[in-house]
Amino acid sequence: MQIGSKFAVLSLCIIFVSCNLFSSCNSKSDVSKQKEGCRHGSFVQDFKTDVAWIVNEWNCKPGGYGSGFLIDKERGAFYTNKHVANEFNNYGKGSHKIYFNGKFYNAEVVKVPPLRDAAIVRITDAFDPSEFPEPAPFVTEKVKMGDKVFIEGFHPHPYFIIESNKTEGYDEKTVPIWDKYYNLGTRNLDKKQEVVFEKITGKVVKLNTMIAFEDTGDTIDKTKELSNTYVVVKVDRDHKFSFGGLSGTVVRNVEGEVVGIVTLKRANYELDKEETEKSQDGNTYLKQVYNVIGFTPIESVADLRQYLIK
């Protein structure tokens with residue numbers, strides 16, 4: 001064999017080994033796939049909103065998540081919950097992302113108050129503020145008993161809840177982030193889920209409510225419990241599923257003004273008339289429903305915005 005032929009064979013072997021060991025020689029379809037999903041940073045969303053999804057990522061997979069809403073388009077700043085912001089960088093610096101109108105951005109915490117469950121976070125990547133909607137104004141008057149409010153936000157729903165809500169005309173839009181962006185689609189319908197953007201309506205039923213949390217023995221936690229009050233909303237219909245993931249999202253009044261930040265979600269128990277009527281043992285049966293949300297009044301944390309002015 002000539003030297004040139006030997007060199008050609010050796011080169012091919014090196015290339016083959018390199019491709020297998022380091023996956024550096026991708027096919028066109030592999031390269032295209034790498035440019036999609038969470039490596040690309042964008043996603044198709046056919047509607048615009050001032051509400052964001054805040055997600056904790058690890059190796060291009062979602063971990064914990066919450067919601068937020070735009071308060072300053074020029075600075076790319078959002079309000080959310082303190083308990084959402086506290087999860088920032090759990091998997092290392094840069095693990096938290098803000099999904100906003102079809103794009104994922106890196107984010108950081110601007111300010112967290114010592115006692116209130118609220119925070120400001122902002123985008124750290126380059127962005128075009130002209131692409132962002134105008135933030136909703138904060139309300140100038142406190143909410144009252146009986147006020148109608150609207151809660152909007154992103155969070156994952158199981159497949160069967162999504163299908164059930166479609167047949168019942170529930171106001172939500174499916175945003176296939178789980179399937180198309182994170183490549184977490186599955187044919188197993190029991191495990192299948194997807195992110196939805198939903199609008200929930202409800203009525204204020206309690207004002208200045210103190211909420212007792214689990215007793216941790218921590219003095220700061222006890223101080224938070226004693227110093228914070230919340231507004232409680234009963235939503236118009238059973239959500240059928242936990243409100244988890246809506247923490248940090250916006251609560252609006254009928255004029256579209258911001259009245260608060262979703263902070264608490266509680267399961268409720270109501271009489272199950274059907275089961276009770278069928279009962280042969282005379283027992284009364286209760287059913288678990290998801291129809292109670294608590295929010296932090298916006299006026300109690302509105303001064304956080306001053307920390308955006310430098």
Side-chain angles (χ1 to χ4, degrees), residues 43-55 62 65-69 81 99-102 133 136 143 146-182 184-205 231-256 258-275 286-295:
F43 185 76
V44 176
Q45 179 179 301
D46 60 0
F47 62 94
K48 283 206 169 185
T49 175
D50 61 348
V51 176
W53 189 47
I54 300 173
V55 59
Y65 40 80
S67 295
F69 57 96
N81 279 151
Y99 170 77
F100 191 55
N101 288 319
V143 295
D147 279 357
K148 186 175 184 179
V149 294
F150 304 91
I151 299 160
E152 295 178 325
F154 293 89
H155 70 153
H157 271 188
Y159 170 81
F160 291 109
I161 297 292
I162 294 174
E163 292 302 305
S164 173
N165 287 342
K166 284 179 182 177
T167 62
E168 296 179 21
Y170 199 71
D171 190 2
E172 66 183 32
K173 297 180 175 66
T174 302
V175 185
I177 295 173
W178 231 252
D179 184 18
K180 303 299 183 183
Y181 188 79
Y182 287 119
L184 292 175
T186 175
R187 294 182 180 180
N188 184 342
L189 300 185
D190 289 328
K191 295 183 177 180
K192 187 175 182 178
Q193 61 179 338
E194 193 50 88
V195 174
V196 301
F197 177 74
E198 59 182 328
K199 186 173 183 178
I200 301 167
T201 59
K203 183 174 68 174
V204 174
V205 294
V231 177
V232 178
V233 173
K234 186 171 183 180
V235 303
D236 291 346
R237 58 191 294 175
D238 182 8
H239 188 253
K240 306 176 188 174
F241 181 67
S242 170
F243 293 107
L246 293 179
S247 291
T249 201
V250 65
V251 184
R252 311 182 202 270
N253 61 17
V254 292
E255 284 79 29
V258 177
V259 299
I261 305 171
V262 170
T263 308
L264 307 165
K265 57 266 184 188
R266 289 284 188 268
N268 195 16
Y269 293 90
E270 294 182 351
L271 177 66
D272 190 330
K273 294 181 180 179
E274 184 176 341
E275 289 299 317
L286 299 177
K287 60 181 177 181
Q288 187 177 38
V289 296
Y290 298 89
N291 62 359
V292 177
I293 292 178
F295 70 83

Query raised in the report: I261 and V250: side chain to side chain contact (heavy atoms under 4.5 Å, CB included), yes or no, with the steps?
Result: CA-CA 5 Å; I261 305 171; V250 65; over 6 Å; no
Query raised in the report: Which is it for F197 and E172 under the side chain to side chain contact (heavy atoms under 4.5 Å, CB included) test, yes or no, and what are the steps along the way?
Result: CA-CA 5 Å; F197 177 74; E172 66 183 32; over 6 Å; no
Report summary line: Between T186 and N188 the two heavy atoms that sit nearest each other are OG1-N, 3.1 Å
Requested in this report: Please report the shortest heavy-atom distance between T249 and S67, naming the atom on each side.
Outcome: CB-CB, 3.5 Å
Query raised in the report: Take atom NZ in K234; do more than 12 heavy atoms of anything else shown fall under 6.0 Å from it?
Result: no
Requested in this report: Considering non-hydrogen atoms only, spot the tightest contact between T263 and S247 and give its length.
Outcome: O-OG, 4.2 Å
Query raised in the report: Is there side-chain contact between D179 and L184, with heavy atoms separated by less than 4.5 Å?
Result: no
Report task. Indicate yes or no: at least one non-hydrogen side-chain atom of Y65 is less than 4.5 angstrom from one of I54. Result -> no
Report summary line: F150 and N253 have their tightest heavy-atom pair at CD1-O, 3.7 Å
Report task. Apply side chain to side chain contact (heavy atoms under 4.5 Å, CB included) to V233 and K203, showing your working. Result -> CA-CA 5 Å; V233 173; K203 183 174 68 174; 5.7 Å; no
Requested in this report: On the 0 to 90° scale, with breaks at 30° and 60°, tag the H155-F241 ring pair as parallel, tilted or perpendicular.
Outcome: tilted
**Report entry** For V175 against Q45, the heavy-atom pair lying closest together
**Finding:** CG1-OE1, 4.4 Å
Query raised in the report: How are the rings of Y182 and W53 set relative to one another: parallel (under 30°), tilted (30 to 60°) or perpendicular (over 60°)?
Result: perpendicular
Query raised in the report: For K148 and T201, does a side-chain donor sit closer than 3.5 Å to a side-chain acceptor?
Result: no
Query raised in the report: What pair of heavy atoms forms the shortest contact from N291 to F243, and how long is it?
Result: N-CE1, 3.9 Å
Report task. Assess K240 against Y290: is NZ or CZ under 6.0 Å from the centre of the six-membered ring, and within 45 degrees of the ring's axis? Result -> no
